[in-house]
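Below: the structure, in structure tokens.
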Amino acid sequence: MQHLERMIDQEVKLRFPAGAVQRAAVLPTGDDPDDLLVRVFIAAADPDDPQRALDAWAQAHAAGMKRLRRELSLRLRETSRLEFTVDGAADLQAAPQIMMPDDPALTSEPLSPREIVETTVALVRASYVFPDRAEQAAAAVEARLAAGDYDDLDEAVLAERLTGHLSEVCADKHLRVRTMPPRPARAGPAGPGRARRHPGIPGTSDLPGHPLNYGILRVERLDGNVGYLDVRAVPPPEEAGPAIAAAMELVKGTYALIIDLRHNHGGSPHGVAFWCSYLFPGADTHLGDIFRADTGETTQFWTLAYVPGTRYLDRPVYLLTSHETFSGGEDLCYTLQAQGRAQVIGETTGGGAHPTRMIPISETLAVAVPFARSVNPITGTNWQGTGVVPDTAVPAAEAYDVAYCQALRHVLSITVPPPVADEARAALAELPDSTGPDSTGPDSTGPDSTGPDSTGPG
């Protein structure tokens, strides 16, 4: 609640002219923790008549009040009440108030291109991870707005144009405006059989169950007793923990592990820490930090003292990458590479290191705003803009064969049962030249690849 209050306090002040708002508070309205009140305090221009001061303030800022109510209804649906009052009153209950209850009709009102641009600019100014760049980008967009560049554009074209203009200044692949389908009507808490989203998996819809298996597309034991995981997303552990634990349990007896991240587009930093925790012995490995520009807070991520199932220790790990590997998938690569715990094989990744939140502008438009930056404790930086540079650079289509070849050579370098050694030698003999173009192992086609012991995602 304190974190939410700090964020809303900052953003409310940015929605109004400097000095118009003193502070904002977030309070529960009663016994229901999901029913919130946002109270905005203004300075009383006339302390002797606070009611008249509040009425005059409301008349001057009516458009801003309406826009704030609409944004709260879109972004924080728990906010059933928005209240404006005068700061410094000895008796808050007796202080004059203007109450704006939740009005779902506001969220469905069409916005003009000017309103869309102004809202986008305000959100970027309030939340973007680099305030200086946010101001430069906002000023550039406002200049184009004044010149009429956005007049009469439909939402799809406007979203594309705004994304391009923001990118010209910020060069941040996470920062973008996008169209989205209308949001579903509000519903009660999820129960048995109720549709739920799958946090951290881009593109999932409100479907029951877990149709993408929490990003784990495939689990397999390859010949030579090498484990293979095809991981397409990194959901948070509170959702994906059992699936991740099950996958790691299935590969716990292998002598080397290949984690295919070539089609991983990201997810949760907590999910990254959960995956990493299986590859370290305890809770004493500092994986990374996330610094939030909007609050000044730094969150540290460490390996966990406990994970369900068996950790995967003292055996090599190979990570496959492509130019599609992005965000949380890159985090997993960068962290394990910096720690010396895994070898990265494939292509340089996409280069998106900023945690991002999707903020609704209207029922059908949203802006993705990077609000924080990752900091690795070993390198002191991150992979923003540069991507994760592989230890072994090969085209993505060849990464599997190169990694499998290295894994098999490791198996043959240690003492293993004779049948496993025979498997490894036979598999190694069948692999093409590790730098050649004709890969035969599981590649970007995923489950269409063959393998005698594939467990699949089912």
Side-chain angles (χ1 to χ4, degrees), residues 124 127-137 166-176 200 202 231 233-234 236 259 261-262 264-277 279-280 283-304 317-357 368-394 396 399:
V124 171
S127 299
Y128 187 58
V129 59
F130 297 115
D132 291 345
R133 290 187 202 169
E135 184 57 41
Q136 293 171 17
L166 292 170
S167 181
E168 287 177 4
V169 177
C170 298
D172 190 326
K173 294 180 181 179
H174 273 122
L175 180 61
R176 63 193 187 278
V231 181
V234 192
I259 304 178
L261 302 170
R262 287 176 291 180
N264 191 301
H265 296 162
S268 161
H270 296 279
V272 171
F274 191 75
W275 275 105
C276 287
S277 294
L279 306 177
F280 294 91
D284 57 352
T285 301
H286 185 188
L287 299 171
D289 298 333
I290 289 181
F291 170 75
R292 293 190 59 139
D294 54 354
T295 64
E297 297 173 327
T298 296
T299 301
Q300 294 186 341
F301 291 86
W302 293 71
T303 50
L304 302 175
V317 176
Y318 307 94
L319 307 176
L320 311 187
T321 60
S322 75
H323 67 277
E324 290 185 33
T325 309
F326 196 64
S327 193
E330 295 178 281
D331 189 358
L332 189 57
C333 293
Y334 193 87
T335 300
L336 293 176
Q337 184 188 59
Q339 293 285 344
R341 183 62 187 92
Q343 294 186 50
V344 178
I345 299 174
E347 297 172 342
T348 299
T349 61
H354 296 154
T356 301
R357 62 170 173 259
V369 182
F371 62 93
R373 57 186 173 89
S374 301
V375 181
N376 185 275
I378 294 175
T379 67
T381 184
N382 58 44
W383 60 96
Q384 178 66 28
T386 64
V388 181
V389 179
D391 300 295
T392 303
V394 295

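Not measured: the values here are computed from a predicted model.
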* Asked: Which distance, rounded to the nearest 0.5 Å, do you find between the OG1 of Thr303 and the CZ of Phe274?
  -> 12.5 Å
* Per the side-chain contact (heavy atoms from CB on, under 4.5 Å) rule, which among Trp383, Trp275, Phe301 passes with Asp331? -> Trp383
* Asked: Can you check whether Thr321 reaches Val388 side chain to side chain, under 4.5 Å on heavy atoms?
  -> no
* Asked: Quick one: which of Lys173, His265, His174 gives a side-chain hydrogen bond (donor to acceptor under 3.5 Å, both in side chains) with Ser327?
  -> His174
* Asked: Can a donor-acceptor pair be found between the side chains of Tyr334 and Thr379 at a distance below 3.5 Å?
  -> yes
* For the atom pair CD1 (Ile290) and CD (Gln300), what is the distance rounded to the nearest 0.5 Å? -> 11.5 Å
* **Pairwise side-chain contact, Ile378 with His286, heavy-atom cut-off 4.5 Å (strictly under)** => no
* Gap separating the CD atom of Glu330 from the CD atom of Gln337, nearest 0.5 angstrom -> 11.5 Å
* How far apart are the closest heavy atoms of Gly329 and Leu261, and which atoms are they? -> O-CD1, 3.9 Å
* **CD on Glu324 to OG on Ser322, rounded to 0.5 Å** => 4.5 Å
* Got Phe130 and Gln136 here, is their nearest side-chain heavy-atom distance under 4.5 Å? -> no
* Nearest heavy atoms of Arg373 and Asn382, plus distance in Å -> CB-ND2, 4.4 Å
* Ile345 and Pro390, any side-chain heavy atoms less than 4.5 Å apart -> no
* Asked: Which residue, Leu320, Leu319, Asn264, forms the side-chain contact (heavy atoms from CB on, under 4.5 Å) with Val231?
  -> Asn264
* Please report the shortest heavy-atom distance between Thr335 and Cys276, naming the atom on each side. => CG2-SG, 4.2 Å
* Asked: Quick one: CZ on Arg262 to OG1 on Thr325, what's the gap to the nearest 0.5 Å?
  -> 9.0 Å
* Heavy atoms only: give me the nearest Ala399-Gly346 pair and the separation to one decimal. => CB-CA, 3.9 Å
* Structure fact -> Heavy-atom nearest pair, Ala134 first then Tyr128, reads CB-CB, 3.8 Å
* Do the non-hydrogen side-chain atoms of Leu175 and Ser167 ever get within less than 4.5 Å of each other? -> no
* How many angstroms lie between NE2 in His270 and CG in Leu304, if you round to the nearest 0.5 Å? -> 10.5 Å
* Minimum heavy-atom distance Pro370-Asp172, with the two atoms named -> CG-OD2, 3.5 Å
* Residue list, salt bridge (Lys or Arg N to Asp or Glu O under 4.0 Å) with Arg292, at least two apart or on another chain -> Asp294
* Answer yes if the side chains of Ser127 and Arg357 hold a donor-acceptor pair under 3.5 Å, and no otherwise. => yes
